Amino acid sequence: INAVTTNSQDLDMAAWYGRFWSPYKYVDYGQGFKNQAVSNYNFFPAITLNKYFFFFFSVEAGIFFTLYEQYYSTRKYFLAFESSYGAAHLSLRGGYSFLKSKKLECRMKGGVSVGIAPDMYHADYTEMLVYPIVDSITRGVIKRNFTPVFPMLSGGMDISYEVTQRFKLSIAFNYQKGFIKISEYDIYYNDGNGMNDQRARQWGKGDFYGIQLGLRYSLKR
């Protein structure tokens with residue numbers, strides 16, 4: 001009972017840094033579009049505040065940042081076309097520590113988050129491969145004006161090891177699932193006859209997988 005009472009007072013703050021990967025869906029109306037299914041390996045920093053309410057149960061509030069990158073290539077335009085857009089995510093997740101000892105903790109987390117991508121725009125673009133001859137062109141429209149705020153489900157797991165009475169080293173695995181389209185390419189591309197005769201679409205809802213290293217600092221024990 002004393003152990004439960006003591007641990008239920010735990011409060012810690014953590015800083016995280018890692019990488020994340022974003023899948024994009026697509027449809028090709030031609031025969032030469034190449035989806036870069038796992039589009040980026042970009043930075044993934046976060047700050048979280050975690051409170052234990054019982055020995056095994058906790059609640060984590062956090063803010064983390066993603067720089068989404070969206071890629072594609074074609075059979076003729078083998079260089080990948082890419083554009084980037086940033087987003088902030090406010091998350092609230094409940095945690096259950098299925099393994100917890102004095103030094104080691106393994107915890108599952110699940111909840112919701114709200115993504116915020118304020119850079120709203122709708123823009124035309126053209127890219128061409130000019131060496132050795134101009135034989136490959138891709139053009140289209142980047143659509144990022146759907147919504148600046150989008151809800152997501154947020155889940156993950158972290159493993160923490162206590163190195164001192166105040167500090168824990170952690171590794172975290174994260175997954176977020178979106179429901180609203182936030183980015184789309186409407187694409188026309190060359191499939192070998194010198195004209196942009198083929199069409200494709202590629203879009204994303206903010207989904208991503210991430211891995212982070214973190215340092216947790218105990219504010220209250």
Side-chain angles (χ1 to χ4, degrees), residues 10-25 35-54 56-71 82 84-100 104-119 144 146-163 167-183 202-219:
D10 283 2
L11 175 68
D12 66 69
M13 178 175 285
W16 306 84
Y17 188 84
R19 310 291 269 183
F20 76 102
W21 300 262
S22 302
Y24 290 89
K25 295 182 179 180
N35 187 40
Q36 304 288 345
V38 181
S39 269
N40 68 55
Y41 307 91
N42 225 318
F43 69 85
F44 184 26
I47 297 174
T48 59
L49 186 66
N50 181 71
K51 176 73 170 69
Y52 286 89
F53 289 92
F54 302 99
F56 294 105
F57 294 97
S58 58
V59 173
E60 179 189 87
I63 178 170
F64 46 91
F65 302 92
T66 54
L67 182 64
Y68 289 107
E69 292 180 323
Q70 188 172 347
Y71 290 84
E82 173 270 340
S84 303
Y85 57 108
H89 304 259
L90 305 175
S91 68
L92 185 65
R93 301 189 287 190
Y96 174 72
S97 302
F98 61 90
L99 173 63
K100 190 171 184 181
L104 184 66
E105 178 185 17
C106 298
R107 180 174 58 162
M108 300 294 296
K109 297 181 287 189
V112 295
S113 74
V114 175
I116 304 169
D119 191 13
R144 298 224 169 96
F146 297 103
T147 175
V149 179
F150 47 99
M152 305 185 77
L153 292 178
S154 181
M157 183 182 79
D158 62 39
I159 302 171
S160 299
Y161 181 78
E162 185 179 277
V163 291
F167 288 98
K168 293 180 180 179
L169 291 176
S170 299
I171 184 170
F173 305 91
N174 296 277
Y175 173 68
Q176 291 221 152
K177 173 64 178 177
F179 304 96
I180 300 173
K181 185 187 297 182
I182 64 172
S183 177
Q202 184 192 54
W203 67 92
K205 298 180 179 180
D207 301 0
F208 68 82
Y209 308 84
I211 182 170
Q212 296 172 307
L213 296 177
L215 183 64
R216 297 171 60 181
Y217 176 74
S218 178
L219 300 171

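Bear in mind that the values here come from a model prediction, so they are computed numbers and not experimental data. Computed from heavy atoms alone, side chains included, the values below leave out hydrogens, waters and symmetry copies.
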Quick one: sort the F167 and Y217 rings into parallel, tilted or perpendicular, breaks at 30° and 60°. tilted
Identify the two heavy atoms, one from S84 and one from L67, that lie closest to each other, and give their separation to 0.1 Å. CB-CD1, 4.2 Å
Looking only at heavy atoms, which two atoms of P45 and Q212 are closest? And how far apart? C-NE2, 4.1 Å
Answer yes if the ring centres of F64 and F44 are under 6.0 angstrom apart, and no otherwise. yes
Would you mind reporting whether E60 and K109 have side-chain heavy atoms less than 4.5 Å apart? yes
Do the side chain of D12 and the main chain of L49 share a donor and acceptor less than 3.5 angstrom apart? no
Please say whether more than 12 non-hydrogen atoms of neighbouring residues, nucleotides or ligands are located less than 6.0 Å from OH in Y161. no
Can you list the steps and then say if Y17 with L213 is a side-chain contact (heavy atoms from CB on, under 4.5 Å)? CA-CA 6 Å; Y17 188 84; L213 296 177; over 6 Å; no
State the OG-CG distance between S113 and L90, to the nearest 0.5 angstrom. 8.0 Å
Looking at every heavy atom in both Y52 and K100, which two are closest together, and how far apart are they? CE2-NZ, 3.4 Å
Taking Y68's backbone N and O only, do any of them form a donor-acceptor pair with T66's side chain (distance below 3.5 Å, no angle check)? no
Is it true that S160 and E162 share a donor-acceptor pair across their side chains at a distance under 3.5 Å? no
When rounded to the nearest 0.5 angstrom, what is the spacing between CD1 in I159 and CG in L169? 12.5 Å
Is any side-chain heavy atom of K177 closer than 4.5 Å to one of Y175? yes
Please step through side-chain contact (heavy atoms from CB on, under 4.5 Å) for the pair L104 and L99, ending with a clear verdict. CA-CA 8 Å; L104 184 66; L99 173 63; 4.0 Å; yes
For D207 and G178, indicate whether the former's side chain and the latter's backbone hold a donor-acceptor pair under 3.5 Å. yes
Taking all heavy atoms of H89 and all of F208, pick out the closest pair and write down the distance. CE1-CE2, 4.0 Å
Six-ring centre of W203, K25 cation under 6.0 angstrom, axis tolerance 45°: no
Can you confirm whether S58 sits close enough to R107 that some side-chain heavy atom of one is under 4.5 Å from a side-chain heavy atom of the other? yes
So, T48 versus W16: side-chain donor-acceptor pair below 3.5 Å or not? yes
Which heavy atom of M152 sits nearest a heavy atom of G206, and at what distance? CE-O, 3.0 Å
Do side-chain atoms of Q202 reach the backbone of Y71 as a donor and acceptor pair under 3.5 angstrom? yes
Would you mind reporting whether M157 and F98 have side-chain heavy atoms less than 4.5 Å apart? yes
Close side-chain approach of I211 and N174, heavy atoms under 4.5 Å: no
What one should report as the nearest heavy-atom pair of A14 and R216 is CB-CG, 3.5 Å
More than 12 foreign heavy atoms under 6.0 Å from CD1 of I47: is that the case here? no
Side-chain heavy atoms of F150 within contact of V114, under 4.5 Å: no
Establish, from distance only, whether the side-chain atoms of Q176 and S154 form a donor-acceptor pair under 3.5 Å. yes
Are Y209 and F20 an aromatic pair by the rule of ring centers under 6.0 Å? no
Residues N50 and R93: side-chain donor-acceptor under 3.5 angstrom: no
Measure the spacing between CD1 of I171 and CG of D158 and express it to the nearest 0.5 Å. 10.0 Å
